[in-house]
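Atoms within a ligand are numbered from 1 in the order they appear, just like the ligands themselves.
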Amino acid sequence: MAVGALCLMNSFRGVRSASRLQITWLCEHTRSHSITSGIPGVKERTLVAVKPDGVQRRLIGQIIKRFEQRGFRLVGLKMLQASEELLAQHYSSLHRKPFYPSLLRYMTSGPVVAMVWEGHNVVKSTRMLLGNTNPAEASPGTIRGDFSIHISRNIVHASDSTEVAQKEISLWFQRSELIDWECCDHGNIYHP
Ligand code: UDP
Ligand code: MG
C-alpha cells in the first residue's frame with residue numbers, strides 16, 4: 001500500500017497508537033513523493049498557454065479541467081498580453097517560416113493564459129492531450145481535435161520536449177511565480 005494511503009488511514013483512526021516520531025517520518029517520506037505520479041522525485045514541468053482564440057472563446061476553464069482531471073499539478077498561472085519580443089524568443093525556430101508574420105499577429109491579438117503544469121511525463125502527456133498541431137489531423141478527444149478546425153487557430157500551446165519546456169518556462173515565468181505546494185491528503189494534516 002502506498003505510504004500516503006497508510007498515512008491517510010491512520011489519520012482517520014485518530015493515530016493514537018503512532019508515536020510523534022513515526023508520524024513525522026511518514027509525513028516527510030510522503031512529501032518526497034510526487035502526488036500526481038506516486039513516483040519519488042518526479043518533478044517534470046511543461047509550459048502550456050491558452051492562445052488568444054482560446055481565451056476569446058471562453059475555453060480557459062475547459063482546458064484547465066483536462067489537465068486537472070488527468071492528475072497534473074498546476075504550479076504557475078497568469079494572464080498576459082504577450083509582447084512581440086517575448087514571442088520572437090518563444091518562436092525563435094520559426095522565424096523563417098512563411099506563416100511567422102501571421103502567427104505573430106494571431107498571438108498578439110489578445111491576452112494569453114500561460115501555465116506551468118507538473119507531473120510524471122507531463123511534457124509528452126500534454127502533447128497527447130493537445131493533439132496534432134493541425135486540428136484537421138487531431139484526434140477527437142484531444143483539445144485541438146475537439147475545439148478547433150484550422151492550424152492557424154489551434155487554441156493552445158505546449159512545449160514539445162523537456163529541454164524546450166525548461167527554456168519556455170524561464171522565458172514566460174519568473175522563478176518566484178512558480179509555487180511548490182503539497183496536497184492536503186498527503187501529510188499536511190499531521191502538522192499542528
Ligand atoms: N502554425 C501555423 N501554420 C503552420 C504551422 C504552424 O499557423 O503551417 C502555427 C500554429 O499556431 C502552431 C504554431 O505555429 O501551433 C507553432 O508551430 P509548431 O510547429 O511549433 O506546432 P506546435 O508545437 O504548436 O504543435
Ligand atoms: Mg512547437
Side-chain angles (χ1 to χ4, degrees), residues 34 36-37 42-175 177-179:
S34 162
T36 53
S37 66
V42 173
K43 283 278 187 182
E44 188 172 299
R45 290 179 172 181
T46 196
L47 181 91
V48 174
V50 183
K51 295 178 173 182
D53 52 337
V55 173
Q56 290 160 21
R57 291 175 54 195
R58 280 68 161 173
L59 293 175
I60 301 165
Q62 295 199 55
I63 291 167
I64 288 177
K65 183 179 178 186
R66 292 183 182 220
F67 288 89
E68 286 197 322
Q69 78 185 12
R70 187 68 185 268
F72 293 122
R73 190 191 329 203
L74 184 63
V75 296
L77 172 73
K78 63 180 172 186
M79 176 181 262
L80 71 161
Q81 176 68 49
S83 66
E84 289 203 9
E85 293 71 30
L86 173 70
L87 292 165
Q89 291 185 68
H90 178 75
Y91 286 128
S92 59
S93 63
L94 301 178
H95 284 188
R96 292 173 195 273
K97 298 285 185 188
F99 58 82
Y100 182 73
S102 59
L103 176 60
L104 271 194
R105 278 198 301 280
Y106 162 45
M107 291 298 293
T108 54
S109 65
V112 166
V113 173
M115 298 173 264
V116 177
W117 289 91
E118 181 182 276
H120 179 56
N121 261 338
V122 69
V123 172
K124 185 176 177 199
S125 298
T126 293
R127 293 291 298 193
M128 301 289 285
L129 283 172
L130 259 61
N132 195 292
T133 302
N134 183 354
E137 309 279 329
S139 303
T142 62
I143 295 168
R144 287 165 169 172
D146 284 352
F147 296 119
S148 58
I149 56 171
H150 198 271
I151 195 166
S152 66
R153 295 289 181 276
N154 60 2
I155 304 285
V156 65
H157 165 84
S159 313
D160 62 7
S161 70
T162 52
E163 294 73 28
V164 169
Q166 284 178 12
K167 180 179 153 247
E168 291 182 349
I169 289 168
S170 57
L171 182 62
W172 288 76
F173 284 87
Q174 305 287 323
R175 184 66 194 87
E177 293 177 311
L178 302 176
I179 300 175

### Task
Could you tell me whether Tyr106 and ligand 1 have an N or O pair separated by under 3.5 Å?
no
### Message
Are any of the N/O atoms on Asn154, whether in the backbone or the side chain, positioned under 3.5 angstrom from an N/O atom of ligand 1?
### Response
yes
#### Entry: Geometric cation-pi criterion, Lys51 with Tyr106: 6.0 Å, 45°
no
### Query
Short question: side chain of Lys78, backbone of Glu177 - any donor-acceptor pair under 3.5 Å?
no
#### Entry: Arg45 side-chain N/O to Lys43 backbone N/O, donor-acceptor pair under 3.5 Å
no
### Message
Can you check which of Arg127, His157, Met107 brings a heavy atom nearest to atom 23 (O) of ligand 1?
### Response
Arg127
### Task
Give the single entry among Asp53, Leu103, Leu94 that approaches atom 9 (C) of ligand 1 most closely by any heavy atom.
Leu103
### Task
Quick one: look at Arg144 and ligand 1, take heavy-atom pairs under 4.0 Å, and tell me if it's side chain, backbone, both or neither.
side chain
### Proximity to ligand 1 by part of Lys51, non-hydrogen separation under 4.0 Å
side chain
#### Entry: Numbered atoms of ligand 1 (with element) below 4.0 Å of Ser152, judged on heavy atoms
7 (O)
### Message
Can you classify the ring geometry of Tyr100 versus His95 as parallel (below 30°), tilted (30 to 60°) or perpendicular (above 60°)?
### Response
tilted
### Query
Between His90 and His157, what is the ring plane arrangement, given parallel below 30°, perpendicular above 60°, and tilted in between?
perpendicular
### Task
Check each of Met115, Glu68, Glu118 against Leu74 using the side-chain contact (heavy atoms from CB on, under 4.5 Å) test, and report the only one that passes.
Met115
